[in-house]
Protein chains: 2
Amino acid sequence: MNYSELANVLTQNNLKVTPQRVAVLEALMSLKDHPNADAIKEFVHKNHPNLAVGTIYNILETFCEKKIIRKVKTDRDFMRYDIEMHRHHHLYCEECDYIENYYDEELDKLLQEYFNRKKIPNFNIKDINLQILGNYNDHNPIKKKY
Amino acid sequence: MNYSELANVLTQNNLKVTPQRVAVLEALMSLKDHPNADAIKEFVHKNHPNLAVGTIYNILETFCEKKIIRKVKTDRDFMRYDIEMHRHHHLYCEECDYIENYYDEELDKLLQEYFNRKKIPNFNIKDINLQILGNYNDHNPIKKKY
DNA sequence: TACTAAATAGGAATAATTCTTATATGAGAA
DNA sequence: TTCTCATATAAGAATTATTCCTATTTAGTA
């Protein structure tokens with residue numbers, strides 16, 4: 001995605017186009033494994049060494065409000081961010097803290113049918129996310145982030 | 001659960017029985033809504049005003065290692081703890097940050113069958129947790145914690 | 001170009017959690 | 001019971017992710 005495409009994403013969400021926002025958006029698209037604020041900082045600092053950390057948090061919060069990204073939580077202490085907004089679930093590798101997106105329409109259909117049938121009293125379901133915990137067979141240390 | 005029953009839980013997990021651990025265990029069993037460390041501190045301080053906060057974190061970490069409790073995170077900022085270790089999922093109320101346990105054997109069976117059939121390449125599933133996001137119809141402000 | 005609301009930089013403040021170290025204690029051994 | 005020692009705790013300092021504050025800058029519009 002080039003600059004004007006990134007800028008378009010912002011414009012379409014009624015956000016002013018700033019170099020900082022474009023840089024953070026680019027970082028979110030480039031970084032795999034659901035980066036935390038620090039990983040995003042590292043990435044954007046390559047080209048924008050003066051971009052303030054507080055600004056990154058501001059931008060991430062703004063993106064969340066506009067539903068451009070989503071927060072992902074693990075057992076650890078910091079927030080991580082996910083730019084993929086198509087329906088998906090998460091694989092959590094317990095050994096390397098890698099998080100991978102898991103897409104499965106059949107599963108989604110199964111869940112949707114199930115909860116249409118079996119309602120939860122007094123509760124309106126807006127979203128269902130599966131946390132699938134486990135570990136990779138071909139555990140690849142390259143994936144390790146910490 | 002009385003003192004000796006609580007102590008038994010610790011003994012069965014090869015943990016020394018200390019008043020602090022018993023107090024934290026009691027707090028975890030008494031407090032609903034997946035307390036955070038602060039709520040546990042408040043509870044145990046009624047009877048053990050000198051119990052150090054660091055000790056509470058130590059104990060919670062020990063309990064996690066022994067699988068007596070489990071960590072749960074929301075979009076908010078602190079860790080919360082769940083003593084219910086029977087298979088269950090979580091309802092997250094987006095309006096009041098209440099977390100409720102959701103038990104459904106039929107659902108568990110459905111998921112188990114599904115993933116037995118449809119394996120994920122190179123990934124060993126150890127656990128599956130549904131995060132069911134939404135809000136209560138009869139939204140009760142009493143449930144609000146923050 | 002000028003204007004204005006919004007965004008950012010920079011750094012201080014906050015607060016949940018972790019770390020450190022001296023002291024205390026539970027549980028088994030004698 | 002008393003002794004012993006590995007382990008647990010208290011107390012508070014340290015860490016650190018995130019938020020807050022405010023002066024300055026800037027994007028978008030007229």
Side-chain angles (χ1 to χ4, degrees), chain A residues 3-4 6-25 27 34-42 44-45 47-66 68-69 71-81 97 145-146, chain B residues 3-4 6-25 27 34-42 44-45 47-66 68-69 71-81 97 145-146:
Chain A
Y3 185 92
S4 66
L6 294 168
N8 262 344
V9 174
L10 299 174
T11 309
Q12 282 160 18
N13 284 281
N14 295 317
L15 294 174
K16 281 189 186 173
V17 176
T18 69
Q20 292 87 344
R21 281 175 177 167
V22 172
V24 170
L25 190 57
H34 309 75
N36 58 27
D38 195 61
I40 292 165
K41 187 196 75 183
E42 293 295 318
V44 299
H45 270 21
N47 291 318
H48 302 78
N50 295 324
L51 209 161
V53 181
T55 301
I56 291 174
Y57 280 101
N58 277 344
I59 291 172
L60 290 171
E61 200 54 41
T62 305
F63 286 0
C64 282
E65 282 164 18
K66 294 291 185 179
I68 298 171
I69 62 173
K71 292 178 178 175
V72 184
K73 282 244 169 182
T74 69
D75 279 356
R76 313 229 174 180
D77 255 351
F78 29 68
M79 196 70 74
R80 294 167 72 163
Y81 300 89
D97 208 34
K145 287 293 164 64
Y146 308 101
Chain B
Y3 185 91
S4 67
L6 293 168
N8 261 343
V9 174
L10 299 174
T11 309
Q12 282 159 20
N13 285 281
N14 296 318
L15 293 175
K16 279 188 187 174
V17 176
T18 69
Q20 292 87 344
R21 283 175 175 168
V22 172
V24 170
L25 189 58
H34 309 75
N36 57 27
D38 195 62
I40 292 164
K41 188 195 75 182
E42 292 296 318
V44 299
H45 270 22
N47 291 319
H48 302 78
N50 295 324
L51 208 162
V53 181
T55 300
I56 291 173
Y57 280 101
N58 276 345
I59 291 172
L60 291 171
E61 200 54 42
T62 305
F63 286 1
C64 281
E65 282 163 18
K66 294 292 186 180
I68 298 171
I69 62 173
K71 292 179 179 177
V72 185
K73 273 236 174 182
T74 67
D75 276 355
R76 314 233 174 177
D77 257 348
F78 26 67
M79 196 70 75
R80 293 166 72 165
Y81 301 88
D97 206 36
K145 285 293 162 67
Y146 308 101

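Chain naming here is simple, since letters A, B, ... match the order of the sequence lines and numbering starts at 1 in each. The figures here come from the full heavy-atom set of this structure, side chains too, leaving out hydrogens, waters and symmetry mates.
Between B:Tyr57 atom OH and D:dA13 atom P there is a gap of 18 Å when expressed in whole angstrom units. Note: CG (A:Asn14) to P (D:dG28) measures 12 Å, nearest angstrom. Whole-Å rounding puts the B:Phe78 CZ to D:dT18 C1' distance at 13 Å. Taking atom CG of residue A:Asn13 and atom C1' of nucleotide D:dA27, one finds them 17 Å apart after rounding to whole Å.
With rounding to the nearest 0.5 angstrom, the CD1 atom of B:Ile40 is 6.5 Å from the CD1 atom of B:Ile69. To the nearest 0.5 angstrom, B:Asn36 atom CG is 11.0 Å from B:Met79 atom CE.
Taking a heavy-atom distance under 4.0 Å as the criterion, the stretch of DNA chain C touched by chain A extends 5' to 3' from C:dA5 to C:dT17.
Applying the salt bridge (Lys or Arg N to Asp or Glu O under 4.0 Å) rule to pairs touching residues 7-20 of chain B yields nothing, sequence neighbours excluded.
By the side-chain hydrogen bond (donor to acceptor under 3.5 Å, both in side chains) test, A:Lys73 is found to be paired with no residue, residues two or more places apart in sequence or in another chain being considered.
Using a 4.5 Å heavy-atom cutoff, the side chains of A:Arg21 and A:Val24 are not in contact. Under the 4.5 Å side-chain criterion, counting only non-hydrogen atoms from C-beta, A:Phe78 is not in contact with A:Asp38.
Between B:Val44 and B:Ala27, the closest heavy-atom pair is CG1-CB, 3.9 Å.
Taking five base pairs at each end of the helix from C:dT1-D:dA30 to C:dA30-D:dT1 and finding the rotation axis that steps the C1' atoms of four pairs onto the next four gives two axes whose angle is 30°, to the nearest 10°.
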For nucleotides 6-10 of chain D, print each protein N/O atom paired with a nucleotide N/O atom at under 3.5 Å, atom names and distance only.
residue: D:dT7; atom: O4'; partner: B:Lys16; partner atom: NZ; Å: 3.4
residue: D:dA8; atom: OP1; partner: B:Arg21; partner atom: NH1; Å: 3.4
residue: D:dA8; atom: OP1; partner: B:Arg21; partner atom: NH2; Å: 2.7
residue: D:dA8; atom: O5'; partner: B:Arg21; partner atom: NH2; Å: 3.4
residue: D:dT9; atom: OP1; partner: B:Thr18; partner atom: OG1; Å: 2.7
residue: D:dT9; atom: O3'; partner: B:Gln20; partner atom: NE2; Å: 2.8
residue: D:dA10; atom: OP1; partner: B:Gln20; partner atom: NE2; Å: 3.3
residue: D:dA10; atom: OP2; partner: B:Ala52; partner atom: N; Å: 3.0
residue: D:dA10; atom: OP2; partner: B:Thr55; partner atom: OG1; Å: 2.7

Contacts under 3.5 angstrom, residues 47-66 of chain A side chains, donor-acceptor by atom type, not counting sequence neighbours:
residue: A:Glu61; atom: OE1; partner: A:Lys71; partner atom: NZ; Å: 3.3
residue: A:Thr62; atom: OG1; partner: A:Asn58; partner atom: O; Å: 2.8
residue: A:Lys66; atom: NZ; partner: A:Asn13; partner atom: O; Å: 3.3

